[in-house]
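These values consider heavy atoms only, across backbone and side chains, with no hydrogens, waters or symmetry-generated copies. A, B, ... follow the sequence lines: proteins, then strands. Residue 1 opens every chain. Bear in mind the structure is a predicted one, so any value in this text is a computation, not a measurement.
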There are 2 protein chains.
Amino acid sequence: MSAKPFTSVWTREPKGRREQGLSRDQIVRAALELLDEEGLNALSMRKLGARLGAGATSLYWHVANKDELLELALDDVYREVLTPAGASWRETAGAVAWGLRGAVLAHPWCVGLIGVLPSIGPNALAMSDRLVKACKEAGFQGMDIDFAVGAVIAYTLGAAVPEATWRGMLSRSGGSAREAQNEMIPMIEGLAAGHPDLLERYKDYTSGGLDPLTARQIAFDYGLVALLDGLDARRPRPGATPDEGGTARVGGERVTPDAPGTAPQ
Amino acid sequence: MSAKPFTSVWTREPKGRREQGLSRDQIVRAALELLDEEGLNALSMRKLGARLGAGATSLYWHVANKDELLELALDDVYREVLTPAGASWRETAGAVAWGLRGAVLAHPWCVGLIGVLPSIGPNALAMSDRLVKACKEAGFQGMDIDFAVGAVIAYTLGAAVPEATWRGMLSRSGGSAREAQNEMIPMIEGLAAGHPDLLERYKDYTSGGLDPLTARQIAFDYGLVALLDGLDARRPRPGATPDEGGTARVGGERVTPDAPGTAPQ
DNA sequence: GAGCCCAATCGCACACTGTACGAGAGGAAG
DNA sequence: CTTCCTCTCGTACAGTGTGCGATTGGGCTC
C-alpha cells in the first residue's frame, strides 16, 4: 500500500529470479518431445540441454537424476488415460485399460521404463484411484479391491508393452503393417521349426485377411473381456449382506499358492 | 581305417580349434551369473570379459551385440518355466503362469529386457508352443487359441514385472519384507494425499497381518483365476459342433474396438 | 546508490560405456 | 615350409551421466 512503483505478479512476467530460465516443467516437456521423436536411447542430457539452449549440467539444478527426469516423463503418460464420469464398473475398467494401452502405444519409449522405474507419480496414482473407487462402488471389498485393480492394470500393461515394440518393428521395416507382417513369414518359419502348432497359429494371423493392427485390438479385447468377466463373477453384488465373499479367498485348491512343478522361489 | 595315429572325438578333448577358448554358451552362462549377482546395469562387456579371463572385445567374435547377448540370456530364463505332462488346460496355463512369474522373480534383471528385446528364442517359443497345444486340445479354435495364450502371458508378465522391482526395493531397504513395508507408510501417506481410498487400500495391505510376499501371491492367484475363469467360459466345449463360437467374436458392443473416451490412436 | 546474497548456469573433468578396426597368434591343411 | 582360417586382444573413438568449482546476474537490505 505504500508509494512504491506499481508491481504485481502479472507485471513481473518471469515468475522466477532470472528473466527466462529453465524450469522443471519446461525440461520435462522438452524431454517428452525428444522421446516421442527419437526414442528412449536418443535421450541424453547433453542433447536435451542443447534443445533447450542450455548446458547439459544446467538441468541438474532442476532435476536430481536422469532417472528422476524419466520418472516425471513417464508419469506424464499416465495423465493421458481418462475415465468417463458416472460410468459403471466395467465401463471404467475398460476405459482405463483401453486408455492405458493407447497411451503406451502412443509413447513407445515408455516400454523401457515401465517396471523399471517406480510408477508412483500423481497421474499414475490418480488413475489407480479412479479404478479403486469404481471397484469399491461396484461391491468389491477389502483386499479384493486391490486385487481387481492390479489384475486389470497387469493385463493391460502386459499386453500393451509387447505390442508397442512389435509396432515399432513393423514401422521400422517400412511399408504397411500387412506387408511387413508377410515379409516376416520366412523368418518365422525358420524360428518355429519343430513347432508346427505355433506356425499354424501365425499363419492364421496373417492369412485371416484382417489388418494386423485391428487383429491386435481384437486380441486385446478378447483377453480384457475374459478378465472382466472373471472378476465380475467374483464380485459380491452390492445390496447383498456385506462382508460376504470378502478378503483373500484363494481361488484354487492351493492355500499357499506357489508354482506347481516349477522353479524355486 | 588307415595307419594314422589313433584319434577320436574323445581323445581330442577340446572340441574347438583352440585348446580351450571362449564359447558362446560359456559367455551366456557367465553373463547370467553376473546378472543374477549384480543386476542389469552392472553387466558390461569389459567386466564380463574379465570374469572369463578374456579381453572385452574377444566376446564380439561369438556374439554380435550386447543386445544379442542379452537376448540369449533372457531366453535362458524362459527355459525355467516347466509344464506338467498330460495335464488339463487350466493346469497347464496355471503352471506356465506360476512358472513364468517365478522365473522373472528369480532373475529380476529381466524386467529391463522384457518388452524391449524380442522374445523369440527357442525356449520362449517352446513355452508358447506348450501353451498353444494345451489350448488347442481344450477346444479353443482359430485365432482364439492365440488370444487365450496371449492373455495368460500378458497378465503374468504384467503382474510379475512390477512385483520383481517391488521386491528389489524391499530387499534393498534391508530387514524383513513386513518391516520394510511398514517403513514406507509415511512416504505413501505423503504421496497418496488427496486419495483417501488409495491410502486405505494400502493400509489394508499392511495391517492385514499377512506376510507381504504371500499377499502378493494371493493377489496374483486372484487375477489369474479370474482370467482363466473368463477364458474357460468362452471356450467351446470339445465334442460340440466344431467351428461353433469360432474366430474373433468380439466381446462387447464395440465392433471396431477402440478406447471409449480415450486418447487417440 | 552500494553492497551482498544466493539461485541458477556453465565448463571442465572423470570414470565408464559399446564397439570398430587392425594386428597378431597359433593350430590345421596343402 | 607356406598358406589359410579361426580366434584373441590392444588401442581408439565417440559418447554417456554427473560431481565440482567458478561465474553470473537479478533482487534484497542497508
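Contacts classified as side chain to side chain donor-acceptor pair (under 3.5 Å) and involving residues 151-166 of chain A (residues at least two apart or in different chains) are given here: A:Arg101-A:Glu163. Sorted by first and then second residue, the salt bridge (Lys or Arg N to Asp or Glu O under 4.0 Å) pairs involving residues 67-78 of chain B (not counting sequence neighbours) are B:Arg24-B:Glu68, B:Asp76-B:Arg79. Sorted by first then second residue, the salt bridge (Lys or Arg N to Asp or Glu O under 4.0 Å) pairs that include residues 169-178 of chain A, not counting sequence neighbours, number zero.
OP1 or OP2 of C:dT9 has at least one side-chain nitrogen or oxygen of A:His62 nearer than 4.0 Å. Contact annotation: B:Trp61 side-chain N/O to D:dC7 OP1/OP2 distance is under 4.0 Å.
Look at CG on A:Leu69: it is 15 Å from C1' on D:dT16, rounded to the nearest Å. One atom, CG of B:Leu48, and another, P of D:dC9, lie 13 Å apart when rounded to the nearest Å. Rounded to whole angstrom, the span from the CD1 atom of B:Ile27 across to the P atom of D:dT8 amounts to 8 Å. When rounded to the nearest whole Å, the span between CD of B:Gln26 and P of D:dT8 equals 10 Å. Following rounding to the nearest Å, B:Leu52 (CG) and D:dC9 (C1') show an atom-to-atom distance of 14 Å.
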Test B:Met184 against B:Leu170 for side chain to side chain contact (heavy atoms under 4.5 Å, CB included), laying out the working first. CA-CA 10 Å; B:Met184 287 186 183; B:Leu170 282 196; 4.0 Å; yes
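Each end of the helix from C:dG1-D:dC30 to C:dG30-D:dC1 yields a helix axis from five base pairs, and these two axes differ in direction by 10° (to the nearest 10 degrees).
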What donor-acceptor contacts under 3.5 angstrom involve side-chain atoms of residues 103-111 of chain B, with partners at least two apart or in another chain?
| residue | atom | partner | partner atom | Å |
| --- | --- | --- | --- | --- |
| B:His107 | ND1 | B:Asp36 | OD1 | 2.7 |
| B:His107 | ND1 | B:Asp36 | OD2 | 3.3 |
| B:His107 | NE2 | B:Glu80 | OE1 | 3.4 |
| B:His107 | NE2 | B:Glu80 | OE2 | 2.5 |
| B:Trp109 | NE1 | B:Asp36 | OD1 | 2.7 |

Do any side-chain atoms of residues 40-47 of chain A form donor-acceptor pairs under 3.5 angstrom with protein atoms, and if so which ones, sequence neighbours left out?
| residue | atom | partner | partner atom | Å |
| --- | --- | --- | --- | --- |
| A:Ser44 | OG | A:Lys47 | N | 3.1 |
| A:Lys47 | NZ | A:Ala42 | O | 3.2 |

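Under the salt bridge (Lys or Arg N to Asp or Glu O under 4.0 Å) criterion, B:Asp204 pairs with no residue, sequence neighbours left out. Applying the side-chain contact (heavy atoms from CB on, under 4.5 Å) criterion to B:Ile185, with sequence neighbours excluded, gives B:Asn182, B:Glu189, B:Tyr202, B:Thr206.
Rounding to the nearest 0.5 angstrom, the gap separating the CD1 atom in B:Ile120 from the CG atom in B:Leu117 is 10.5 Å.
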Starting at the 5' end of nucleotides 11-21 of chain C, put B wherever the base has a protein heavy atom under 4.0 Å, S where only the sugar-phosphate does, and a dash everywhere else. BBB---BBBB-
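The side chain of A:Ser58 sits closest to C:dC10 out of C:dC10, C:dA8, D:dC7.
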